[in-house]
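In the text below, chain A, chain B and the rest are named by the order of the sequence lines, each starting its count at 1. The analysis underlying the following values was restricted to heavy atoms, covering all of them including side chains, and did not include hydrogens, waters or symmetry mates.
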2 protein chains.
Amino acid sequence: MTDLKVQHILTLTQLIARGARHNFVPITTSYLGKSIKKSQQSASKHLRELEEDGFIERIMNGRKFSVKITSKGYSEMVKLSSILKSSLNSFPSFVELKGTLVSGMGEGAYYMSLKGYTKQFKSKINYIPFPGTLNVKLHEKEYIEAAQQFRTLNGVTIKGFCDSKRTYGWVKCFKGKLNNSIDCELIILERTHHDDSIIELISKTNIRKTAKLRDNSKLTIRIPIKG
Amino acid sequence: MTDLKVQHILTLTQLIARGARHNFVPITTSYLGKSIKKSQQSASKHLRELEEDGFIERIMNGRKFSVKITSKGYSEMVKLSSILKSSLNSFPSFVELKGTLVSGMGEGAYYMSLKGYTKQFKSKINYIPFPGTLNVKLHEKEYIEAAQQFRTLNGVTIKGFCDSKRTYGWVKCFKGKLNNSIDCELIILERTHHDDSIIELISKTNIRKTAKLRDNSKLTIRIPIKG
DNA sequence: ATTACTAAACATCGAGTAA
DNA sequence: TTTACTCGATGTTTAGTAA
């Protein structure tokens, strides 16, 4: 079976858009060339090749051609469209991060326990996190890079606030699963005190205890992505 | 702005299918080559070009690469997919036939008045046609060809039957509009007594009279297509 | 105006091969 | 094993031009 050439995709798309699915539509090669951003000569060749491969039919009317797409040509385009569409929808919609547990300096724990934050946690993620964040060191570049994208993704946003002394930045939360079993949230801080290779997790309970983790324990965090 | 090259479409599709939308996925050029039915060298070049144009990011891990699609690359694919999809759905879904009125030999009128047919007309197209079909001569090849496709399309099917003398073939009906105003049906006969350039129309009333048509009057018939 | 040929430029591919 | 270079073969585009 003759396969549709990649460079003919645009040409066929253009023909379909002009209504050539069911009717012979008059179309000049120079017009077609412009619409596919190629020369008149290329358009002419495309049409000849498409005809030869049975994807279109042409009828000459004086010096002009009218073109109609065959059912073979149409079904080829439908096939292509559905391959594209399904691959766009079927990707595993989560980000996986792998790293090891490291001990934080207690800073995260302190900040996350502030009333200004806990009130919002209660209403937005439905629990007040265990006081103490889990710091995970990402060793591989690909995970460090992957973690960065959460800065631009939309998560549950905990607003910043200020007291008499200073202002506290916003916190973004992304629901995830630790080691395929424990619910947690990846938190992204507006002003982080870590370098990019360390991420912070919060959860309802003291994961370190309940999951019997120690420093350097290997961790996998999987965070679902919507959209 | 750098445009996505057509030959890279398959490569990007493959990467998306492998989950490279949100994560860096390890993929070798020889594997990728196989999946896009090109050589290892071509796959390698594709990746280099895609990276250069900002459609993917790569991270080297030992001798292997991990690849992730950038949001630019992803949106390019979404754009392409939606262009394809919308052009597949938006074509004008009708066939237009142009021709002139010719006088038939009264044959069609006779057959269509047979009880075996009229009973079915009543129940399947909700009226008994005026006794007398309208014959339209198609002069241009494109319309003759276009009319042919109704032989393979699905319409309302009036079953054939037989009496003591002979058998009568099936009739397929396609609802249409004559000269943008008059309801009619294009009928396709299993055994036609015309050459391909003549089509037959039936309708509730005597169109020849009500629309004041005479032989050689120019006619345009538009028939909606479903699917 | 058309379509389409030729010929040369340009892009893409893949075998061989280096690192 | 990798990735990616060179380079010759093949495919694609286009300017010029014929019909």
Are Asp196(A) and Arg151(A) within salt-bridge range, i.e. N to O under 4.0 Å? no
Carboxylate-amine/guanidinium proximity below 4.0 Å for Asp183(B) and Lys204(B): no
What contact category does Ile27(B) fall into here, base, sugar-phosphate, or nothing, at under 4.0 angstrom with non-hydrogen atoms? sugar-phosphate
May I ask you to verify if any side-chain N or O of Arg58(A) is less than 4.0 angstrom from the OP1 or OP2 atom of dA4(C)? yes
Counting any heavy atom closer than 4.0 Å, what does Ser44(B) reach on the DNA or RNA strands: base, sugar-phosphate only, or nothing? base
Just the rounded figure in Å: distance from C1' of dT14(D) to CD1 of Ile36(A). 12 Å
Within a strict 4.5 Å, meaning less than it, do heavy atoms of the Lys68(B) and Val25(B) side chains meet? no
Write down the protein N/O and nucleotide N/O pairs, taken from nucleotides 17-19 of chain C, whose separation is under 3.5 Å; answer none if there are no such pairs.
none

Partner of Arg58(B) by salt bridge (Lys or Arg N to Asp or Glu O under 4.0 Å), out of Glu52(B), Glu51(B), Glu49(B): Glu51(B)
Phe130(B): which residues meet the ring pair (Phe, Tyr, Trp, His ring centres under 6.0 Å) condition with it, sequence neighbours left out? none
Does Tyr143(B) have Lys98(B) sitting over its ring (NZ/CZ under 6.0 Å from centre, angle to axis within 45°)? no
Identify which one of Asn216(B), Leu219(B), Val102(B) satisfies the side chain to side chain contact (heavy atoms under 4.5 Å, CB included) criterion when paired with Lys137(B). Val102(B)
Return no unless some side-chain N or O of Thr29(A) is found under 4.0 Å from OP1 or OP2 of dT3(C). yes
Paired nucleotide for dT2(C) [Watson-Crick or G-U wobble; both distances under 3.5 Å]: dA19(D)
Under 3.5 Å between N/O atoms: give me all the protein pairs with nucleotides 9-12 of chain C, atom names plus distance.
{"from": "dT12(C)", "atom 1": "OP2", "to": "Lys5(B)", "atom 2": "NZ", "distance (Å)": "3.0"}
{"from": "dT12(C)", "atom 1": "OP2", "to": "Gln7(B)", "atom 2": "NE2", "distance (Å)": "2.7"}
{"from": "dT12(C)", "atom 1": "O5'", "to": "Gln7(B)", "atom 2": "NE2", "distance (Å)": "3.3"}

Any chance the side chains of Ser197(B) and His139(B) put a donor and an acceptor closer than 3.5 Å? no
Rounding to an integer number of Å, can you tell me how far Lys37(B) NZ sits from dG14(C) C1'? 17 Å
